[in-house]
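Inspection log for the structure reproduced underneath, given as structure tokens.
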2 protein chains.
Amino acid sequence: MRESDSPEARPYHHGDLRRALVEAACRLLEKEGAGALSLRAVAREAGVSPAAPYHHFKDKSELLDAVAHEGWEKLDVAFQAARDAKTSPPERVRELGVAYVRFASQHPDLYRVMYDCSRDKADMPAHVHENEESAYRRVREVLISAGADPSDEIGLELATIACWCAAHGLAEMTSFKQFEPLKEALGGEEAFLRGVLAHVGVFAKGL
Amino acid sequence: MRESDSPEARPYHHGDLRRALVEAACRLLEKEGAGALSLRAVAREAGVSPAAPYHHFKDKSELLDAVAHEGWEKLDVAFQAARDAKTSPPERVRELGVAYVRFASQHPDLYRVMYDCSRDKADMPAHVHENEESAYRRVREVLISAGADPSDEIGLELATIACWCAAHGLAEMTSFKQFEPLKEALGGEEAFLRGVLAHVGVFAKGL
DNA sequence: GCGCTATCTTAGCGTTGTTCAAATAAGAAA
DNA sequence: TTTCTTATTTGAACAACGCTAAGATAGCGC
């Protein structure tokens, strides 16, 4: 029981440690929270020595990158449902926003890692951010399908960014306990999210 | 030169160390960034031993709280100008948003500390957040003066939160290098901020 | 003067990220 | 097969961190 018990390819004598480490990190993140996510703890959880990860990641931050990558993929899955929802295109924009925020509120520590990675590598070339990029493009597509003018390059980009900013801001705030009375008054988190997003132009009318 | 050279009250035999520590922390934050802000580094910067801070703050996080407190005060100063601007009330809402985001983009590391403190104490009683609260109330006031219906308690709160979320989201994103081409196309950061905020209902039309 | 108490220092504990030489095991070459 | 090579893992170590405990120091009221 010293490594991931998945029956996958184990190309070297200790199995696919890289994969095992990322999974251990995700497990720790859900169990103990972001504060407990040290490289040593991840190695411990995976059952290897503290130095082992350095043969698969040059840094702690590179491990976190891999975790974040996983996170963006999970978010993309959550986006699928919203995009394929059988509602009007403008409503789909809202669904996308709600899906985003709900993802963040269901996996707060993972979301934190994802965002910290994005910020710490904010000045790196674009190809580093492939997953963010793909989520970004998805928002953009839904905005177009909701009636945004695709020929107005700048306007479209501004709208997409506004979408993303509002969703990110709300995602980081929903957990604030100060809002709980309001959530109850509205009858749940879902209604709260929709209520806030309704005040954000892009979500309210799809541009 | 072992402590702050301000000629202020020094009630105990080493001067007002608490104050000196907060100032040293702010100095470090601007010089070296958030990553270099260790308790020991702050003590070093203030010219005292690593254990000295523990007689003024029970924790590292309590020092950061004090730094964040300072930050909210500085933000409030930045808000003053926007509130007193001689423009139409709806325009003032936009000014507030721009002031908020500009503050965050001018003091990114301080803003990070401020926000991390808010999140880490998100489940604490309200009086802990007096400064956030006062900034929140300021937004609320400006919204009312811009035409929001003060009797619609819930609607007003939702609008305030939407404001804050959009501003916070944008504040954390403006530094992303991906947006730089767009900023240039629009002729500067200011235009970029206004462009994004224009897509956020609350900012665009003051509710 | 005296003691009291707050303040600061020195020393130390446990943990972290990271490096490096040595050990180990898998795959290729003989 | 045996040997060689190379990728992987370990164990020991370093500096830096947050934090604690015991002692030194200095200001205060008596």
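The chains referred to below are lettered A, B, ... by the order of the sequence lines, with proteins before strands, and numbering in each begins at 1.
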Dump every N/O contact between nucleotides 16-18 of chain D and the protein below 3.5 Å, one line per pair.
residue, atom, partner, partner atom, Å
D:dC17, OP1, B:S38, OG, 2.9
D:dC17, OP2, B:R44, NH2, 2.7
D:dG18, OP1, B:L39, N, 2.9
D:dG18, OP1, B:K60, NZ, 3.1
D:dG18, OP2, B:L39, N, 3.0
D:dG18, OP2, B:R40, N, 3.1
D:dG18, N7, B:R40, NH1, 2.4
D:dG18, O6, B:R40, NH1, 3.1

Q) Looking at DNA chain C, which of residues 109-117 of chain B put a heavy atom within less than 4.0 Å of it? A) none
Q | Test: B:E95 and B:R92 ion pair at under 4.0 Å | A | no
Q | Positive for salt bridge (charged side-chain N to carboxylate O under 4.0 Å, His left out) with A:E190, one of A:K183, A:R94, A:R102 | A | A:R102
**Q.** Polar side-chain atom of A:Y115 near backbone of B:E172 as donor-acceptor pair, under 3.5 Å
**A.** yes
(Q) Rounded to whole Å, how long is the line connecting atom NE2 of B:H56 with atom C1' of C:dT9? (A) 13 Å
Q: In plain terms, say whether A:E32 and A:R27 are close enough for a salt bridge, that is, a side-chain N and a carboxylate O under 4.0 Å apart.
A: no
**Q.** Residues A:E153 and A:R140 bridged, charged N to O under 4.0 Å
**A.** yes
(Q) If I take atom CZ in residue B:F57 and atom C1' in nucleotide C:dC8, what distance separates them, rounded to the nearest angstrom? (A) 15 Å
Q: Starting from C1' on D:dC19, measure out to CD on B:E62 and report it in whole angstrom.
A: 14 Å
Q. Between B:R112 and B:D109, is there a side-chain N and carboxylate O pair less than 4.0 Å apart?
A. no
Q | salt_bridge(A:E70, A:K74) N-O dist < 4.0 Å | A | no
Q.
Using whole Å, what does the distance between atom P of nucleotide D:dA7 and atom CG of A:L17 come to?
A. 16 Å
Q: Could you label the plane-to-plane angle of the A:Y111 and A:H168 rings as parallel, tilted or perpendicular, counting under 30° as parallel and over 60° as perpendicular?
A: tilted
Q) Distance check: side-chain N/O of B:H55 vs OP1/OP2 of C:dT9, anything under 4.0 Å? A) no
